[in-house]
Structures are given as structure tokens and as C-alpha cells.
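All remarks here apply to the structure that follows.
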Amino acid sequence: MAVTTQKLAIWKEQRRSIVSLTAWDYSIARVLDRAGVDVILVGDSLAMVALGHSTTLPVTLDEMIHHAKAVRRGVKRALIVCDLPFLSYQESISQAIHSAGRVLKETGIAAVKLEGGHPRIIETVKELTAIGIPVMGHVGLTPQSFNSLGYRQQGNTPESADRILDEAIALSQAGAFALVLEHIPSELAATITATISIPTIGIGAGSKCNGQVLVTTDLLGLSEKTPPFAKPYIDLQSIITDTVKHFAKDVLEDRFPSEH
Ligand code: KIV
């Protein structure tokens with residue numbers, strides 16, 4: 001059965017953890033979906049892991065839609081969520097509606113994610129959900145604010161912890177169906193998870209969230225730089241390198257293709 005936003009809410013009540021990973025193309029999405037991942041995020045981290053940019057800022061809405069369409073074709077069960085990229089929703093509510101609407105209409109994906117908890121973002125979430133566009137929020141370390149926040153842990157002073165808790169409550173009240181908590185202290189993530197009614201999905205936010213998400217290249221050992229909170233489960237870069245070297249040797253030494 002396909003995963004829905006309603007199902008995530010039920011899983012929070014049942015204390016069934018939500019498994020989430022990022023995807024950027026058909027092949028990876030297909031594997032993740034068949035392996036049982038619940039939420040596949042077409043994260044704007046694809047700017048870095050698929051397009052080679054040094055931050056998420058340069059990726060465009062057209063590029064996100066292009067990748068999201070490919071992911072959509074590979075998925076049968078998981079809930080897919082597509083990030084709205086930097087400056088595709090911050091200018092005005094009508095810009096956000098236009099961008100989110102394009103994602104839904106052009107990709108067939110049913111939900112978007114946007115970053116931050118500023119009152120303007122809260123209003124945007126209210127408007128999007130009011131017209132039937134499901135929204136996932138994202139607070140704590142928000143990579144689209146890299147130029148002002150860097151990649152530091154957030155919420156580690158009483159003031160910033162209070163601000164992030166307030167943002168989480170406001171996003172939940174505005175109608176977001178779930179909330180990514182990125183790189184914040186685990187106690188703060190636990191407090192947010194216990195306070196708000198919607199599921200929290202953590203990345204570098206400890207074990208008390210309702211689910212966990214990782215960037216898939218970090219999980220697979222394919223990232224150039226892995227954040228301190230991510231755990232590579234395999235060193236795919238070494239495995240691919242060895243395999244390619246094996247192939248190259250066979251070609252150079254006339255063992256591939258074999259003639260019989
Ligand atoms: O873009 C992304 O991959 C994300 C995850 C880190 C949650 O937003």
C-alpha cells in the first residue's frame with residue numbers, strides 16, 4: 001500500500017519509526033522504494049551530490065522538476081516529497097503557490113518541502129496547505145541559509161532552542177504534515193517531537209525523532225564530504241573504483257568481451 005501523509009501521522013501515534021532517504025534519479029529511487037523506504041525526498045542536496053555544486057543554492061526549480069520526474073517513475077510505494085529550491089518560494093506567497101503547483105502538476109509528486117520557520121514561511125505553509133498542497137517543514141540547520149548560518153549545529157543556546165521550538169509549533173499549527181529537524185541537539189529534538197502533533201524526521205538530531213533521514217550518498221559512502229552526524233553503511237566509492245579498475249584491466253588485457 002502506498003505511503004500517505006495520513007499514514008505518517010498514524011505511525012507517529014503507533015511509535016512506528018519512519019525511514020527516509022534522498023533520491024535524485026530513477027535507478028536510485030527504484031532501489032530505495034523496493035527496499036522499503038517510506039519517504040523518498042528529492043532533496044535540493046542533489047545540487048551537490050548529483051550536480052556537483054558546492055552548496056544547494058544554485059539548483060533551479062526546472063532542475064528539481066527534471067530530477068523529481070525521474071524519481072517519480074521509479075517509485076510505487078514510498079511517499080515522495082520534493083524540495084522547493086532556494087528563491088522559488090521566499091519572494092511571495094504567489095511565487096510559492098506557482099512553484100509548488102508546478103511540482104505537483106509536472107511531476108505527479110504529491111508533497112513539497114520548504115525550509116525555515118520565519119513568520120513569512122509560516123504564512124506560506126498556511127496558504128499552500130489551504131489550497132491542498134501538502135507541505136513538509138524543515139528547521140534547525142537549513143542549508144539554503146548557508147550564507148548566514150553555515151553548517152553549524154543550531155539550537156545550542158537557550159534562545160535559539162526556544163526559537164526553533166516556536167518555529168516547529170508554528171509550522172505544525174500552519175498545517176505542515178511533517179517536519180525535518182536537522183543538526184540540533186537531541187534533547188531539543190526530543191522536546192519538539194513530544195510537543196508537536198506531526199511527525200518529526202531527524203538528520204543529526206538524535207534518536208528521539210519519529211523518523212530518520214539521510215542523504216543517500218552519505219549512507220552509501222559516495223559523498224565527497226560526509227557530515228559528522230551521518231553514518232556511511234558501506235564504502236561504495238571503493239567498491240565502484242575496484243570494479244571499474246577490474247573492468248579496465250580486462251579490456252586492456254583483452255579478457256572482455258570473451259569470445260565464447
Ligand atoms: O536536501 C536534502 O537532502 C534535505 C535532507 C538533508 C533532509 O533536505
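Here the structure is a predicted model, which means the values were calculated and not measured. Residue indices begin at 1 and follow the sequence shown. When reading the values below, keep in mind they use all heavy atoms of this one structure, side chains included, and skip hydrogens, waters and symmetry mates.
- Under the 3.5 Å distance criterion, the side-chain polar atoms of Asn210 are left unmatched by any main-chain donor or acceptor of Ser17.
- In terms of heavy atoms, Met136 sits closest to Phe177 at N-CE2, 3.6 Å.
- Thr107 contributes no side-chain N or O that, together with a main-chain N or O of Ile65, makes up a donor-acceptor pair within less than 3.5 Å.
- Although no hydrogens or angles enter the test, the distance criterion places a donor-acceptor pair under 3.5 Å between the side chain of Arg152 and the main chain of Leu149.
- Side-chain atoms of Ser148 come within 3.5 Å of backbone N or O of Ser145 as a donor-acceptor pair.
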Check against side-chain contact (heavy atoms from CB on, under 4.5 Å), Lys113 and Val135: CA-CA 6 Å; Lys113 173 163 85 58; Val135 180; over 6 Å; no
Under 3.5 Å, which donor-acceptor pairs do the side chains of residues 186-194 form with other protein atoms, sequence neighbours left out?
residue	atom	partner	partner atom	Å
Thr191	OG1	Glu187	O	2.9
Thr193	OG1	Ala189	O	2.7
Thr193	OG1	Thr200	OG1	2.7

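- Here Glu167 pairs with Arg163 in a salt bridge; the nearest charged N to carboxylate O distance falls below 4.0 Å.
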Derivation of the side-chain contact (heavy atoms from CB on, under 4.5 Å) call for Val139 and Leu179: CA-CA 7 Å; Val139 295; Leu179 187 59; 4.3 Å; yes
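- No donor-acceptor pair closer than 3.5 Å links the side chain of Glu106 to the backbone N or O of Leu104.
- Taking each heavy atom of Ser45 and Val215 in turn, the nearest pair found is OG-CG2, 4.0 Å.
- Applying the side-chain contact (heavy atoms from CB on, under 4.5 Å) criterion to Ser223, with sequence neighbours excluded, gives Thr217, Asp218, Thr226.
- Of all heavy-atom pairs spanning Ala96 and Leu128, the tightest one is O-CD2, 3.9 Å.
- Asp33 and Ala78 get closest at one heavy-atom pair: OD1-N, 2.8 Å.
- No donor-acceptor pair under 3.5 Å is formed between the side chain of Gln154 and the backbone N or O of Leu141.
- Atoms SG and CG, on Cys209 and Leu181 in that order, are 5.0 Å from each other to the nearest 0.5 Å.
- Among pairs with a residue in residues 64-81, those fulfilling side-chain hydrogen bond (donor to acceptor under 3.5 Å, both in side chains) read Asp38-Arg77, at least two apart in sequence or across chains.
- In this structure, Glu63 contributes its side chain and Thr60 its backbone to a donor-acceptor pair below 3.5 Å.
- In this structure, Leu87 and Gln95 approach most closely via the heavy-atom pair O-NE2, 2.7 Å.
- When atom types are taken as modelled, the side chain of Asp83 and the backbone of Asp44 share a donor-acceptor pair closer than 3.5 angstrom.
- Among all heavy-atom pairs drawn from Ala176 and Gly137, the shortest one is CB-N, 4.3 Å.
- Ile93 CD1 to Ile121 CD1: the interatomic distance, rounded to the nearest 0.5 Å, is 9.5 Å.
- Taking the side-chain contact (heavy atoms from CB on, under 4.5 Å) definition, one finds that Arg30 meets it with Tyr26, Arg34, sequence neighbours left out.
- With sequence neighbours excluded, no residue forms a side-chain hydrogen bond (donor to acceptor under 3.5 Å, both in side chains) with Arg120.
- A side-chain N or O of Ser160 and one of Thr157 form a donor-acceptor pair less than 3.5 Å apart.
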Steps toward side-chain contact (heavy atoms from CB on, under 4.5 Å) verdict (Val81, Ile40): CA-CA 6 Å; Val81 180; Ile40 294 183; over 6 Å; no
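- A side-chain hydrogen bond (donor to acceptor under 3.5 Å, both in side chains) check over residues 171-182, counting only residues at least two apart or in different chains, returns the pairs His138-Glu182.
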